[in-house]
Amino acid sequence: MSADQNTTVHDIQTAKSKGLAQCHVCKLLVRVEETVDNYCPRCDSKIHMRIYDSLQRCWALTICSLIAFIPANAYPIMTILYFGKGQPDTILSGIILLLKLGMYPIAAIVFIASFVVPLAKIIGLFVLLVSLKNKSKFTKQQRTKMYRYIELFGRWSMLDVFVVALLVALVEIGAVVEVVAGAGATAFGLMVILTIFAANSFDPRLLWDEENEEDAFNNLTEEK
Amino acid sequence: MNQTQFACYECDTLITVTSINEGEIASCPRCHHHILDKKHDSINRTLAISGTGLLLFIPAVFFPLMSMQLLSVESSASLISGIAALWQTKLYFVATLIFLFCVLSPLIKLTAAFVVTLGFKHNKHQHPFYKQLLLFYHHVDSWEMLEVFLIGILVSIIKLKDMADLSFNLGLLCFSAFMLCVLSLKITLDKQMIWDDLNYER
Ligand SMILES: [Zn+2]
C-alpha cells in the first residue's frame, strides 16, 4: 500500500458530514436542510439524507416476507392431472419429483431459485439488520457485498411462478393432461414482491455511518 | 454542465471525478461500488438497440413460444396466453405480476430509452417529457425479469419433454432477441450523461 493511498483513506468524508445528500435517481449532490422536505432541483424526486425510516420498514417487510414464505411452501403451487388424476405439488415436492425422474440439473436450478435464494435473502436481511445493532463478525465490506448479492439475485425466485404460467397455458387445451395452478403461486409471488421491497428499503450507507478513520484504515489494509 | 462531485450510493463517501474517458469506470475507494461509468457511443447504440427491441415486442409477447402435441391435440403457449390462462384460473395477482415484470416493465424501459435518445440526438431533450421518461426508466429498472422468464421456458420444456412432443416456435427466438435488447440497455444507456445535460434551476 502506497503512502498516498493512506492519505486518501484518512481524508474520507461523507456527504452527510458536509450536509449534502445525493439524489437517488439522478445522482445530483444537493444541500439538504433537516427541518423541511427536500426535492432534487434536477429531477424533482424527494431527497433524504438516508432512506426514510429505513430500519423500521426493512424489519417490517423482512418479517412479512418470512411469514409469506410459509404458505408459499406449504400450499401447492400447481397440480398436474393425467386423465383427471393427480396430486397437488408444492415447490419442494415438485423438486423431489424432478429428482426421482432423474432430472438433476433442473431440480438444482429450481431448488436454488425457489428455495435457497428467497430463504438466503430473508436470512441475509436479518443478519444485516441485526449487525447494525450488535457488533458483527462480518466486516463492512463483506456486509456491503452481501447487500449487493441480495439485490442482484432476488428476482430469480420468480422462476417457478413463470413455469406454472407457461404450463397452465400450454396444457390448457389438452383433455388428457391438465395443469391447475394453486394458491401457493399467489403466496409465492407476494413473497417475491415483499423481499424486493425489503431489500430496496435497506440503506447500505447505514453500515458505514459510524465508521471512524481508524476503521477505514484497518478495513483497507485487511483487504490488501 | 458536467457534475464532478458524487457521493457513493452504498457508503456515502464524497468523491470528485474530474475526468473519465469512455469505457472507464470510477469506483468508490472505500467500498468499491461503481460510482460512474462512461459508455461508448451511448446515444447511437441505445437508439439502435431500443428500436430493435420495440420492433420485437409484438412477436416476443404474442407469438407462441413453444407448442405441444399429445394424442393429436396440439396447443401452444405465448407469454400473453400464459398470463391469460392464469387470469382465467382466477389467479389475478400472479397474472398481474407476470404482466408487470415481463410485459410492462420492459416495454417502458425500451420506450423510455428510445424516446430519450431520439430526443437527445435532435436536441429536444429539454422538454419536461424526457425527464419524466427517464424517471419511469429508473423506477421500472429493478422490476424487469425477462431473463428469469427465459429460464422458466427452459424449465417448462424439460418438465414436459417426457410427457408429450414439444416443438419450439418463432416466438422463442423473438423473445430471446427481445430479452437481449432489454438487457443490453444496461450496458449502452448512459443515464448520467443525459441527466448532466438537462438544465435545471437552483
Ligand atoms: Zn435528482
Side-chain angles (χ1 to χ4, degrees), chain A residues 8-9 12-16 18 20-22 24-29 41-45 98 101 103 106 109-110 140-141 144 147 151 155-156 158-159 161-177 180-181 185-186 189-190 193 196 200 204-205 207-209 216 220, chain B residues 3 5-7 9-14 29-33 36 65-68 70-71 73-78 81-86 89 91 93-95 97-98 101-102 131 134-135 138 142-143 145 148-149 151-153 155-156 158-160 162-164 191-192 195 198 200-202:
Chain A
T8 48
V9 170
I12 276 178
Q13 277 179 318
T14 61
K16 192 181 185 181
K18 291 257 176 179
L20 297 166
Q22 182 164 259
H24 65 111
V25 178
C26 74
K27 296 192 179 171
L28 186 70
L29 268 180
R42 184 154 71 177
C43 73
D44 307 327
S45 310
L98 284 174
L101 294 171
M103 301 175 186
I106 214 75
I109 291 174
V110 176
K140 292 187 168 75
Q141 271 91 359
T144 307
Y147 169 74
E151 270 207 313
R155 49 215 265 118
W156 283 95
M158 270 306 271
L159 182 67
V161 178
F162 292 155
V163 173
V164 173
L166 282 163
L167 292 187
V168 171
L170 198 58
V171 196
E172 193 188 27
I173 316 169
V176 184
V177 188
V180 184
T186 303
L190 187 68
I193 288 227
I196 292 177
N200 285 347
R205 290 171 294 193
L207 294 171
W208 297 85
D209 269 353
L220 273 185
Chain B
Q3 184 186 344
Q5 204 173 35
F6 293 90
Y9 171 71
E10 288 188 347
C11 75
D12 213 30
T13 305
L14 275 176
R30 189 157 70 157
C31 74
H32 309 301
H33 181 64
L36 201 63
L65 298 162
M66 53 185 181
S67 52
M68 182 178 109
L70 186 69
L71 301 176
V73 185
E74 207 186 326
S75 66
S76 59
S78 66
S81 78
I83 296 169
L86 283 178
T89 35
L91 289 172
F93 179 67
V94 183
L97 283 190
I98 299 180
F101 294 161
C102 299
K131 201 196 261 188
L134 269 175
L135 280 172
H138 176 86
S142 52
W143 298 102
M145 300 190 182
V148 185
F149 195 84
I151 302 297
I153 298 172
V155 173
S156 322
I158 294 171
K159 276 196 169 180
L160 287 172
D162 291 337
M163 204 196 275
K191 283 186 284 181
Q192 206 50 44
W195 281 123
L198 288 181
Y200 62 94
E201 312 278 311
R202 251 187 200 274

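Keep in mind that the numbers below use all heavy atoms, side chains included, and drop hydrogens, waters and symmetry copies. Residue numbering restarts at 1 for every chain, and letters A, B, ... go by the order of the sequence lines. Predicted model, so just to flag it, every value in this text is computed and none were measured.
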| said: Is any side-chain heavy atom of B:Lys191 closer than 4.5 Å to one of A:Lys27? | reply: no
| message | Quick check on B:Phe6 against chain A: is it the side chain, the backbone, both or neither that has a heavy atom closer than 4.5 Å? | response | both
| field | Heavy-atom closest contact (B:Val148 atom, A:Trp156 atom, distance) | value | CA-CZ3, 3.6 Å
| Are the side chain of B:Gln192 and the backbone N or O of A:Cys26 linked by a donor-acceptor pair below 3.5 Å? | yes
| query | Just wondering, do B:Thr13 and A:Trp208 contact through their side chains at under 4.5 Å, heavy atoms? | reply | no
| said: I'd like to verify something: which residue of B:Ser78, B:Ala7, B:Gly82 has the highest number of heavy-atom pairs under 4.5 Å with chain A? | reply: B:Ala7
| remark: The interface call for B:Val94 against chain A, heavy-atom contacts under 4.5 Å, is side chain
| Quick one: what part of A:Leu159 sits under 4.5 Å from any heavy atom of chain B, side chain, backbone, both or neither? | both
| Region of B:Ser142 in contact with chain A, defined by heavy-atom distances below 4.5 Å | both
| task | Find the one option among A:Leu20, A:Ile109, A:Leu190 whose heavy-atom pairs under 4.5 Å with chain B are most numerous. | result | A:Leu190
| said: Within this structure, what is the CD-CD distance for the pair B:Glu10 and A:Gln141, rounded to the nearest 0.5 Å? | reply: 11.0 Å
| said: Using every non-hydrogen atom in the two residues, find where B:Met66 and A:Leu170 come nearest and quote the distance to one decimal. | reply: O-CD1, 3.6 Å
| About how many Å separate CZ of B:Arg30 and NZ of A:Lys140, when rounded to the nearest 0.5 Å? | 8.0 Å
| said: Using modelled atom types and a 3.5 Å cut-off, is there a donor and acceptor pairing between side-chain atoms of B:Lys159 and backbone atoms of A:Leu98? | reply: no
| CD1 on A:Ile193 to CZ on B:Phe93, rounded to 0.5 Å | 4.5 Å
| Can you say whether A:Met103 sits under 4.5 Å from chain B via the side chain, the backbone, both, or neither, judging by heavy atoms? | side chain
| note | Bottom line for B:Ile158: the part with an atom under 4.5 Å from chain A's heavy atoms is both
| What part of B:Ile153 gets closer than 4.5 Å to chain A, counting heavy atoms only: side chain, backbone, both or neither? | both
| message | Using 0.5 Å steps for rounding, measure from the OH atom of B:Tyr9 to the CZ atom of A:Arg205. | response | 6.5 Å
| Among the listed options B:Leu65, B:Ile83, B:Ile151, B:Thr89, the residue most often paired with chain A at heavy-atom distances under 4.5 Å | B:Ile151
| remark: Correct closest heavy-atom pair for A:Thr14 and B:Cys11 would be CG2-O, 4.2 Å
| How far apart are the closest heavy atoms of A:Ala181 and B:Leu91, and which atoms are they? | CB-CD1, 3.0 Å
| field | Contact summary for A:Cys43 and B:Leu135, nearest pair of heavy atoms | value | O-CD1, 3.6 Å
| field | side-chain contact (heavy atoms from CB on, under 4.5 Å) evaluation trace for B:Val155 with A:Phe162 | value | CA-CA 10 Å; B:Val155 173; A:Phe162 292 155; over 6 Å; no
| A:Met158 side, atom CE; B:Phe101 side, atom CZ - distance, nearest 0.5 Å | 5.0 Å
| said: At a heavy-atom distance under 4.5 Å, which candidate from A:Val164, A:Val110, A:Thr186 has the highest pair count against chain B? | reply: A:Thr186
| field | Shortest non-hydrogen contact from A:Val168 toward B:Ala85 | value | CG1-CB, 3.7 Å
